[in-house]
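In what follows, every heavy atom counts, from backbone to side chain, and hydrogens, waters and symmetry copies are set aside. One-based numbering along the sequence shown.
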Amino acid sequence: LGWDMARLLSRQTDIFPGEYEKMLGEMLARRLAGEPLQYILGEWEFYGLGFKVTPACLIPRADTEITVSTAIKMLPVGARFADLGTGSGAIAVSVLKNRPDVTAVAVDISSAALEVARFNAAQHGTGGRIGFIHADMLADDFFDSLPHPLDAIISNPPYIPKSDLLPGAVQPELNFEPRGALDGGDDGLDFYRSLIPRAAETGVLTDGGFVLFEVGAGEACAVARMGADAGFSSEILCDLGGIERTVILFAALT
């Protein structure tokens, strides 16, 4: 209806016009079936911006805002970064919106998700500073598809253990989100296990560059250890709920 909350509360006994009553009934039926509100509305707020969301991409969550705020603070002037597994583009677009001096490439295996990310980038005036790459992060030649060098790699990869995604094991809403964006393998760490050593070996990062990962609850120390094995030093940051949510891996200076 385009009403704000004050107007809605002051007119809550009004009878809605027939076409709106039908639409509301359809939306309510979808919500009662467990479909996330964000998909029903078709958009959601993240980091103070409105993002289009569809079932092709994960719903942006407040947990990820610590990763975005850290990137905004840490990226050097004129930096170029890659957002791996971009989904709706929430991370890349939020960083670009707050750092008009930087550029990015956004990568996803889903062409449908990339279309959503393109829309969001254009909507927020950042489309001219971001390129889009359709690629599989786990492919052996994946890092060849990225521009070199990068000042940072930022990623919120799939990190839920496969067993936690069995029917009945997760909240019903997660069943509507793309499984490929959630499933991190048997222990939830498959993507970190693949990406970290290759980020170190391929020379994709500038001297002193860094990797910024969002991780699942209880995974931060394991990801930091993988970084140490690949020659990175690390720092772990907590989200607003006190959960270790973001791991920064620093490339060694040469």
Margin query: Regarding Asp4 and Arg7, does a basic nitrogen lie under 4.0 Å from an acidic carboxylate oxygen?
Written below: no
Margin query: With a 4.0 Å cut-off on N to O distance, would you call Asp151 and Arg80 a salt bridge?
Written below: no
[atom1]-[atom2] distance between [X] and [Y], expressed to the nearest 0.5 angstrom:
X: Ile154; Y: Phe81; atom1: CD1; atom2: CZ; value: 4.5 Å
X: Arg179; Y: Leu182; atom1: CZ; atom2: CG; value: 6.5 Å
X: Leu249; Y: Ile236; atom1: CG; atom2: CD1; value: 9.5 Å

With heavy-atom distances below 4.5 Å as the criterion, would you say the side chains of [X] and [Y] are in contact?
X: Glu214; Y: Ile91; answer: no
X: Ile59; Y: Glu173; answer: no
X: Leu84; Y: Phe191; answer: no
X: Phe143; Y: Ile153; answer: yes

Item checked: Ile160-Val215 co-clustered via ILVMFWY side chain contacts under 4.5 Å -> yes
Next item on the list: Flag yes if Leu8 and Met23 sit in one hydrophobic cluster, no otherwise; membership is Ile, Leu, Val, Met, Phe, Trp, Tyr, and two members link when side-chain heavy atoms are under 4.5 Å apart.
Entry: yes
Item checked: Neighbour count >12 (heavy atoms, 6.0 Å) for atom CG, Leu9 -> yes
Margin query: With a 6.0 Å cut-off (strictly less than), is the heavy-atom count around CG of Asp186, excluding the residue itself, greater than 12?
Written below: no
Margin query: Can you give me the closest heavy-atom contact between Phe232 and Ile196, atom names plus distance?
Written below: CE1-O, 3.7 Å
Next item on the list: Assess whether side-chain contact (heavy atoms from CB on, under 4.5 Å) is satisfied between Leu237 and Ile248, documenting all intermediate values.
Entry: CA-CA 8 Å; Leu237 304 176; Ile248 313 169; 3.9 Å; yes
Name the atoms and distances for all side-chain donor-acceptor pairs under 3.5 Å in residues 116-138, with sequence neighbours left out.
from, atom 1, to, atom 2, distance (Å)
Arg118, NH1, Glu115, OE2, 2.7
Asn120, OD1, Lys52, N, 2.8
Asn120, ND2, Lys52, O, 3.1
Asn120, ND2, Ser88, O, 2.8
Asn120, ND2, Val116, O, 3.3
His124, NE2, Gly50, O, 2.6
Thr126, OG1, Ala121, O, 3.2
Arg129, NH1, Leu96, O, 3.4
Arg129, NH1, Arg99, O, 3.1
Arg129, NH1, Val102, O, 2.8
Arg129, NH2, Leu96, O, 2.8
His134, NE2, Ile109, O, 2.8
Asp136, OD1, Leu138, N, 2.9

Checklist line | ring pair (Phe, Tyr, Trp, His ring centres under 6.0 Å) partners of residues 198-220, not counting sequence neighbours, each pair once | finding: Tyr192-Phe213
What pairs of donor and acceptor atoms, side-chain ones from residues 32-48 against any protein atom, are under 3.5 angstrom apart with sequence neighbours left out?
from, atom 1, to, atom 2, distance (Å)
Glu35, OE1, Arg30, NE, 3.0
Glu35, OE2, Arg30, NH2, 2.7
Tyr39, OH, Cys57, O, 2.7

For a quick test of your reading: what N or O donor-acceptor pairs under 3.5 Å do the side chains of residues 67-77 make, sequence neighbours left out?
from, atom 1, to, atom 2, distance (Å)
Thr67, OG1, Thr246, OG1, 2.9
Ser69, OG, Glu65, O, 3.2
Ser69, OG, Ile66, O, 3.1
Thr70, OG1, Ile66, O, 2.7

Item checked: Counterpart residues, side-chain contact (heavy atoms from CB on, under 4.5 Å), relative to Asp140 (two or more places apart) -> none
Next item on the list: Any salt bridge (charged side-chain N to carboxylate O under 4.0 Å, His left out) involving residues 233-248? Give me the pairs, sequence neighbours left out, ordered by first then second residue.
Entry: Asp63-Arg245, Asp239-Arg245
